[in-house]
Amino acid sequence: MKEGFLIGGGLIFAGLMLELSVGPVDWDAFRWPVNGIVLAGFLVLIAIIFLLRKRVYGFQFIGTFKAAIPALVYAVMLTIIMGLTRQEVNGVWLNNMLSFWPFVLIYVYIAVILGQIILRRTLHFQWKRDIPFLLNHLGLFLAMTTATLGNADMQRLKMITVKGEPEWRALTSQQQIVEMPIAIELKEFIMETYDDGSPRRFASDIQILTKTGKNIQTTVEVNKPVEVDGWKIYQYGYDTQMGAMSQTSILELVSDPWLPLVYTGIYMMLAGAVCMFILGGRFEAP
């Protein structure tokens, strides 16, 4: 356990040095295909560590609970700090934990440990015992890695649509103009109000044209997005001065191509939990 805590502490120290020298993790640098290459290299690294585990003591140690428990303690501590501090996209240090080097290195270390445990259990596979275990651990590994690396490819844009005028341009959070693969025309803005005049419901009747030839007439509401060609379209805002007479509707367009892999990992963990419940006393802890 002492070695495990020393390794975790060393990773946090190394992370602090990186934070001071190069700044926070620049996730934008991991856009496709870089994140795909990094993921492939990471899997190869895990395989090499596993293959050399009998020759290198440190590699063998990584696959034990003596490494896993201290790593989880550090991860929980950092996650609690993240929950207690205000997180901002452009924040620094503790105010942007997802780009804070110590936080990232600890979770990378946990992913390596997970990989070693999964490979070791696969080598001595017994289906009644190991199916729930592998579903849980493979699901967690898949969700962790794809959610982290896929974050670089996520796009969240705003599109300002005016009634009767097709729009194919959107704005980033830095107010940069992006030409979209879809065009949206606002047909009608809809607002329902309470007796005091405050908005109860607002939505947009829109027409969507895509480069693939789709012509979709639909209604977008708050919390009821429309999905077209990998883009989710949300109702975001409107001209508050005009209220129900608004001729403008603000839509949010979100693309997250790695999200299906993240969901796959989550569903695998749920399936593992169901298998554990079904197998009951036949399940053996690792």
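In what follows, every heavy atom counts, from backbone to side chain, and hydrogens, waters and symmetry copies are set aside.
Other residues, nucleotides and ligands contribute over 12 non-hydrogen atoms within 6.0 Å of the CG atom of Asp196. By the neighbour-count criterion of 12 heavy atoms within 6.0 Å, atom CH2 of Trp27 is densely surrounded, having more than that number from other residues, nucleotides or ligands. Counting heavy atoms of neighbouring residues, nucleotides and ligands inside a 6.0 Å radius, atom CE of Met1 exceeds 12 of them. The number of heavy atoms from other shown groups lying within 6.0 Å of CD1 (Ile177) does not exceed 12. The number of heavy atoms from other shown groups lying within 6.0 Å of NZ (Lys66) does not exceed 12.
Checked against ring-ring contact (aromatic ring centres under 6.0 Å, His included), Tyr234 has no partners two or more places apart in sequence or in another chain.
A donor-acceptor pair under 3.5 Å links the side-chain atoms of Asn136 to the main chain of Pro132, judged by distance alone. Side-chain N or O atoms of Arg156 include none that pairs as donor or acceptor with a backbone N or O of Val254 at under 3.5 Å. The backbone N or O of Ala67 sits nowhere less than 3.5 Å from a side-chain atom of Glu3 that would complete a donor-acceptor pair. For the pair Asn35 (side chain) and Leu149 (backbone), a donor-acceptor distance under 3.5 Å is present. Under the 3.5 Å distance criterion, the side-chain polar atoms of Arg121 are left unmatched by any main-chain donor or acceptor of Phe133. In this structure a side-chain-to-backbone donor-acceptor pair under 3.5 Å is missing from Ser246 to Met242. Looking at Trp101, its side chain does come within 3.5 Å of a backbone N or O of Gly23 through a donor-acceptor pair. No donor-acceptor pair closer than 3.5 Å links the side chain of Asp256 to the backbone N or O of Met154. For Trp231 (side chain) and Ile182 (main-chain N/O), no donor-acceptor pair under 3.5 Å exists by modelled atom type.
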_Worked check of side chain to side chain donor-acceptor pair (under 3.5 Å) between Asp239 and Gln247_ = CA-CA 7 Å; Asp239 185 345; Gln247 301 295 297; over 6 Å; no
*Please report the C-alpha distance between Thr161 and Phe189 in whole Å, then the side-chain angles of each, then the deciding distance to 0.1 Å, and finally whether the side-chain contact (heavy atoms from CB on, under 4.5 Å) criterion is met.*
CA-CA 10 Å; Thr161 59; Phe189 178 73; over 6 Å; no
*asked:* If you apply the rule side chain to side chain donor-acceptor pair (under 3.5 Å), what do you find for Gln235 with Ser204, and how did you get there?
replied: CA-CA 7 Å; Gln235 178 68 54; Ser204 298; 2.6 Å; yes
_If you apply the rule side-chain contact (heavy atoms from CB on, under 4.5 Å), what do you find for Lys163 with Glu188, and how did you get there?_
CA-CA 7 Å; Lys163 186 175 179 180; Glu188 194 69 41; 3.0 Å; yes
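Side chains of Ile110 and Tyr74 form no contact here, defined as non-hydrogen atoms less than 4.5 Å apart. Arg200 has its side chain out of reach of Thr193: every pair of non-hydrogen atoms, C-beta onward, lies at least 4.5 Å apart. The closest side-chain heavy-atom distance from Glu167 to Ile160 is not below 4.5 Å. Residues Leu16 and Trp93 have side chains in contact (heavy-atom distance under 4.5 Å, counting atoms from C-beta outward). Looking at heavy atoms from C-beta onward, Leu157 lies in side-chain contact with Thr172 at the 4.5 angstrom threshold. Taking the side chain as every heavy atom from C-beta outward, Ser249 and Phe202 never approach each other to under 4.5 Å. Within the 4.5 Å cutoff, the side chain of Leu134 has heavy atoms near those of the Ile118 side chain. Counting heavy atoms from C-beta on, the side chains of Phe61 and Gln116 never come closer than 4.5 Å.
Distance check: Lys187 NZ to Gln217 CD gives 6.0 Å after rounding to the nearest 0.5 Å. Within the model, atoms CD1 of Ile216 and CD of Glu227 stand 10.5 Å from one another, a figure rounded to the nearest 0.5 Å.
Side-chain heavy atoms closer than 4.5 Å link hydrophobic residues (I, L, V, M, F, W, Y) into clusters, and following such links, possibly through other members, connects Tyr57 to Ile62. A continuous path of Ile, Leu, Val, Met, Phe, Trp and Tyr side chains, each step under 4.5 Å between heavy atoms, connects Ile131 with Leu142, placing both in one hydrophobic cluster. When the side chains of ILVMFWY residues are joined at heavy-atom separations under 4.5 Å, either directly or via intervening members, Leu261 and Val34 end up in a single hydrophobic cluster. Ile37 and Val112 are members of different hydrophobic clusters when ILVMFWY side chains are connected at heavy-atom separations under 4.5 Å. Hydrophobic clustering, with ILVMFWY side chains joined whenever heavy atoms are under 4.5 angstrom apart, keeps Leu171 apart from Ile206.
Ring orientation note: the planes of Phe141 and Phe42 are close to parallel, at an angle under 30° on the 30°/60° scale.
Here Arg201 pairs with Glu221 in a salt bridge; the nearest charged N to carboxylate O distance falls below 4.0 Å. Under 4.0 Å is where a charged nitrogen must lie from a carboxylate oxygen, and between Glu179 and Arg169 no such pair does.
Taking every heavy atom of both residues into account, Val220 and Ile233 meet most closely at CG1-O, 3.5 Å.
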